[in-house]
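Here the structure comes first, spelled out in structure tokens, and everything after it is commentary.
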Amino acid sequence: MRIDKLLANMGYGTRKEVKNLLKSGSVRVNGEAEKSPKTHVDTEADLVTVHGETVEYRKYIYLMLNKPGDLLSATEDAHDMTVIDILQPEDKVFNPFPVGRLDKDTEGLLLITNDGQLAHRLTSPKKDVGKTYFADIEGEVTKEDISKFSYGVTLDDGYVTKPADLEILNAGEQSEIVLTITEGKFHQVKRMFEAVGKEVTYLKRLSIGELELDDSLELGEYRELNDEEMAYLFDITKLDQ
């Protein structure tokens with residue numbers, strides 16, 4: 001990789017700023033000053049330092065965000081703030097994107113990465129990775145609804161959903177439920193409840209498969225996935241599954 005690209009990708013500035021940094025003599029490769037932006041380095045073998053600080057090369061970034069209900073699950077938007085807008089500059093330099101999407105008014109677990117292959121596998125219908133949500137419902141959710149959801153319900157466009165696991169936490173004029181689905185159709189949870197004559201008034205994603213939202217993250221906060229969480233995601237998205 002060209003050294004100017006490496007340094008820019010690791011957050012040391014724009015290509016122009018990196019070029020000036022190299023000219024200043026602050027960059028060393030294996031102990032020798034390097035001033036040419038065209039020099040290629042081996043990111044696995046060469047030791048690159050800036051002002052004596054080792055440059056740790058990373059190709060991918062994997063983040064867990066507790067999404068607030070006022071951000072778009074998009075990389076950019078002309079009118080509204082997106083989940084990428086709230087990331088720190090050192091994370092933005094990786095050009096990450098949200099994995100799948102949560103509606104603007106939906107809160108909870110959202111993965112953000114620049115690993116397109118992993119993102120594709122996680123959102124592939126073939127993987128049947130369950131997504132679990134908590135919701136407040138306008139209307140009484142019943143055992144009949146549980147039965148209907150277990151077979152799949154017909155949405156407003158005629159699409160019949162895959163079977164879903166509905167659990168009632170509290171039933172009444174205002175109900176509380178937990179729902180696990182294995183698809184991600186547009187506004188799916190809301191439309192499923194509309195299909196049985198009820199309305200979702202609050203929605204929060206709790207987990208993707210067995211990867212649960214870190215309950216220590218406040219709305220709008222995020223952190224990198226740990227090794228155990230990463231191992232789990234790679235395991236459930238293996239090509240041979």
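Scope of the values below: all heavy atoms of this structure, side chains included, with no hydrogens, waters or symmetry mates. By convention here, the first residue in the shown sequence is residue 1. These numbers were taken from a predicted model, which means no experiment stands behind them.
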Any chain of hydrophobic side-chain contacts (each under 4.5 Å) joining [X] to [Y]?
X	Y	answer
Y159	V196	yes
L102	L122	no
F97	L118	no
L206	V129	no
V141	F134	no

Decide if atom CD of E140 counts as having more than 12 heavy atoms of other residues, nucleotides or ligands within a radius under 6.0 Å.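 Yes - once you tally the heavy atoms of other residues, nucleotides and ligands closer than 6.0 Å, there are more than 12.
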So for atom CD, which belongs to E221, do other residues, nucleotides or ligands contribute more than 12 heavy atoms lying within a distance under 6.0 Å? yes
Any donor-acceptor pair under 3.5 Å linking the side chain of [X] with the backbone of [Y]?
X	Y	answer
S207	E210	no
S26	V50	no
K67	L71	yes
D46	D42	yes
E229	N226	yes
N114	K59	yes
H79	D77	no
N20	E17	no
T237	L233	yes
D145	T142	yes

Flag side-chain contact, heavy atom, 4.5 Å: [X] against [Y]:
X	Y	answer
R191	D157	yes
D165	I181	no
R15	V18	no
V99	T123	yes
E53	Y12	yes
D70	M81	no
E107	R205	no
Y202	Q174	no

As a quick check of understanding, evaluate side chain to side chain contact (heavy atoms under 4.5 Å, CB included) for V189 and V200, giving each step before the final call. CA-CA 8 Å; V189 175; V200 174; 4.3 Å; yes
Is the distance between the ring centroids of F193 and F149 under 6.0 Å? yes
Sole residue of I137, T201, I168 in side-chain contact (heavy atoms from CB on, under 4.5 Å) with S175: I137
Could you check I86, I84, L109 and say which one makes a side-chain contact (heavy atoms from CB on, under 4.5 Å) with L65? I86
So, [X] versus [Y]: side-chain donor-acceptor pair below 3.5 Å or not?
X	Y	value
D115	Y62	yes
E34	T39	yes
T132	T180	yes

Does the distance from a Lys or Arg side-chain N to an Asp or Glu carboxylate O, for [X] and [Y], drop under 4.0 Å?
X	Y	value
D4	K19	no
D128	K162	yes
R28	E32	no

Rounded at 0.5 Å granularity, tell me how far [atom1] in [X] sits from [atom2] in [Y].
X	Y	atom1	atom2	result
E194	H187	CD	NE2	9.0 Å
I61	K92	CD1	NZ	12.5 Å
Y232	I208	OH	CD1	9.5 Å
L87	Y222	CG	OH	4.5 Å
I236	L211	CD1	CG	7.5 Å
M64	L217	CE	CG	7.0 Å

Shortest non-hydrogen contact from [X] toward [Y]:
X	Y	result
L21	S24	O-OG, 2.6 Å
V55	L7	CG2-CD2, 4.0 Å
P163	S150	CB-O, 3.0 Å
P96	D91	CD-O, 3.6 Å
A164	L179	CB-CD1, 3.9 Å

Please enumerate all residues that pass side-chain contact (heavy atoms from CB on, under 4.5 Å) together with E167, with sequence neighbours excluded. L169, V178
Could you check E44 against Y57 for side chain to side chain contact (heavy atoms under 4.5 Å, CB included), going step by step and ending with a plain yes or no? CA-CA 8 Å; E44 298 290 332; Y57 174 69; 5.5 Å; no
Do K204 and Y133 meet the cation-pi criteria used here (NZ or CZ under 6.0 Å from the six-membered ring centre, within 45° of the axis)? no
Intermediate values then yes/no, side chain to side chain contact (heavy atoms under 4.5 Å, CB included), L110 and N66: CA-CA 6 Å; L110 183 67; N66 186 359; over 6 Å; no
Derivation of the salt bridge (charged side-chain N to carboxylate O under 4.0 Å, His left out) call for K190 and D105: CA-CA 11 Å; K190 297 173 183 175; D105 59 355; 2.8 Å; yes
Hey, mind stepping through I3 and V27 against side chain to side chain contact (heavy atoms under 4.5 Å, CB included) and telling me if it holds? CA-CA 10 Å; I3 194 166; V27 181; 3.7 Å; yes
